[in-house]
Amino acid sequence: MPTFDAAPTALIVHAHPEPRSFNSAQMAVAAQALRDAGYQVDVVDLYASDWAPVLAAAEFAPLGGQVFKPQAEQMRAVRDGTLDEAVKEQVDKVLAADLLVLSFPLWWFSLPAVLKGWVDRVFVMGALFGGEHGFFDAAALAGKHAVLLFTTGGSHEMFQPGGAFGPQDEFLFHIHRGMLEFVGYQVLDPVVSYGPAHLDDEARAVALEEVRKAVTVTAENARPSR
Ligand SMILES: Cc1cc2nc3c(=O)[nH]c(=O)nc-3n(C[C@H](O)[C@H](O)[C@H](O)COP(=O)(O)OP(=O)(O)OC[C@H]3O[C@@H](n4cnc5c(N)ncnc54)[C@H](O)[C@@H]3O)c2cc1C
């Protein structure tokens, strides 16, 4: 009897406030490239779904202790099966996906607050790392891949060594190492469109085609070996 592998799965978490932005178009191109590569794609649009980004005590009420210790409460909620419904839904999506794509415009060299808040609430101690899991290679997402898909205001030259903003790998470190590798992911090369607002329509079309090609490579590199 032949066996048929299930399609690989990708979760795109998108954080741009304007659906008509280049960034949102870039996300749609990436989603289609993944589908064309055989992935089942799930998109979480944080602005459209009005994601609440603040990790706060109310989510864990009644608290297990006198004072609010976020990670202790996360561990307790995982153990007792009392995680907030919205958070649990996202944790399940993360655990189910072979590839996580964080899609965003670069804001202050980092993630928009709504996406940082998604990480704050969804990268739950006890579910993705810590507790029965370890950290980095021993964390729950070990063996899976993650990639950043973003746009910038600055040009490509500005992100080179000696450029005004300096090498992009340096300021992506807190996301790559501090968030994604910390929970076990193997991080793939980011897919970036530099300064789309400063391009003409023709150059923007070329940039979207470059995204399609780069994400096709990402899809191959993230394909699970089952
Ligand atoms: C708070 C804040 C902090 C920031 N910090 C930084 C920073 O640290 N470093 C940095 O480099 N930049 C920074 N920026 C700039 C930001 O990264 C860029 O403005 C953003 O990434 C540009 O992408 P966009 O999709 O928002 O552009 P948009 O302005 O939406 O898009 C550019 C153009 O593309 C057009 N377009 C839309 N769809 C398509 C399509 N399908 N095909 C062709 N064209 C299309 C749009 O109509 C528009 O004319 C910051 C911005 C903010 C608001």
Side-chain angles (χ1 to χ4, degrees), residues 10-37 39 41-56 99-123 146-182 187-219:
L11 173 64
I12 301 178
V13 183
H14 178 62
H16 196 292
E18 172 55 67
R20 290 160 299 180
S21 64
F22 179 89
N23 186 278
S24 296
Q26 169 172 277
M27 184 277 290
V29 166
Q32 190 56 49
L34 288 167
R35 286 187 200 101
D36 291 346
Y39 279 70
V41 179
D42 189 3
V43 178
V44 172
D45 185 330
L46 295 177
Y47 280 97
S49 62
D50 206 16
W51 175 259
V54 177
L55 174 60
L99 170 66
L100 174 69
V101 181
L102 299 184
S103 164
F104 58 97
L106 189 71
W107 283 3
W108 300 117
F109 281 24
S110 189
L111 307 172
V114 72
L115 181 53
K116 172 58 165 50
W118 181 86
V119 174
D120 287 348
R121 294 184 66 206
V122 174
F123 282 16
V147 67
L148 302 182
L149 171 68
F150 62 95
T151 52
T152 71
S155 65
H156 182 255
E157 293 68 39
M158 292 166 104
F159 291 94
Q160 299 308 305
F165 295 165
Q168 129 189 326
D169 284 354
E170 288 183 8
F171 65 81
L172 294 181
F173 180 80
H174 77 288
I175 307 172
H176 280 164
R177 188 70 181 156
M179 300 177 203
L180 298 172
E181 290 179 359
F182 189 74
V187 173
L188 298 170
D189 288 344
V191 178
V192 189
S193 293
Y194 296 96
H198 308 296
L199 303 177
D200 60 22
D201 281 347
E202 198 180 324
R204 278 196 287 266
V206 170
L208 289 177
E209 174 58 14
E210 291 301 318
V211 167
R212 190 191 64 73
K213 287 185 195 157
V215 172
T216 303
V217 172
T218 302

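In listed order, ligands and their atoms are each counted from 1. As the structure is a prediction and not an experimental result, all values here were calculated from the model.
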Going by the atom numbers of ligand 1, which of them fall below 4.0 Å from some non-hydrogen atom of [X]?
X    : value
G154 : 10 (C), 11 (O)
T151 : 17 (O), 20 (C), 21 (O), 22 (C), 23 (O)
R20  : 37 (C), 38 (N)
F165 : 11 (O)
N23  : 25 (O)
G153 : 10 (C), 11 (O), 12 (N), 15 (C), 16 (C), 17 (O), 18 (C)

Can you report which non-hydrogen protein atom sits closest to [atom], along with the distance?
atom                    : value
atom 44 (N) of ligand 1 : R204 NE, 3.0 Å
atom 5 (N) of ligand 1  : W108 N, 2.8 Å
atom 26 (O) of ligand 1 : H16 NE2, 2.7 Å
atom 28 (P) of ligand 1 : F22 N, 4.0 Å

Query raised in the report: How are the rings of F159 and F165 set relative to one another: parallel (under 30°), tilted (30 to 60°) or perpendicular (over 60°)?
Result: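 Judged by the thresholds at 30° and 60°, the geometry between F159 and F165 is perpendicular.
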
Requested in this report: Would you mind telling me which of P105, P112, P190 makes a side-chain contact (heavy atoms from CB on, under 4.5 Å) with F150?
Outcome: P190

Query - N/O separation below 3.5 Å, A205 to ligand 1 - result: no

Query raised in the report: ligand 1 and A25, any nitrogen or oxygen pair closer than 3.5 angstrom?
Result: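 Min N/O separation from ligand 1 is not below 3.5 Å for A25.
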
Requested in this report: Compute the minimum heavy-atom distance from L106 to ligand 1 and say whether it is under 4.0 Å.
Outcome: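 Under 4.0 Å: yes for L106.
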
Requested in this report: State if Y194 counts as touching ligand 1 under the rule of any non-hydrogen atom under 4.0 Å.
Outcome: no

Query raised in the report: Are L111 and M179 side-chain neighbours, meaning at least one heavy-atom pair lies under 4.5 Å?
Result: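 Side-chain contact under 4.5 Å: yes.
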
**Report entry** pair P53-K116: side-chain heavy atoms closer than 4.5 Å
**Finding:** no

Applying a 4.0 Å heavy-atom criterion (strictly less than), which segment of [X] is in contact with ligand 1: side chain, backbone, both, or neither?
X    : value
F159 : side chain
F150 : neither
L208 : side chain
Q26  : neither
S21  : both

Query - Shortest non-hydrogen contact between T152 and Y194, atoms and distance - result: OG1-CA, 3.2 Å

Requested in this report: Measure from atom 19 (O) of ligand 1 to the protein's non-hydrogen atoms and state whether any distance is below 4.0 Å.
Outcome: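 So far as the 4.0 Å threshold goes, atom 19 (O) of ligand 1 is out of reach of every protein heavy atom.
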
Query - H16-S103 side chain donor-acceptor pair, cut-off 3.5 Å - result: no

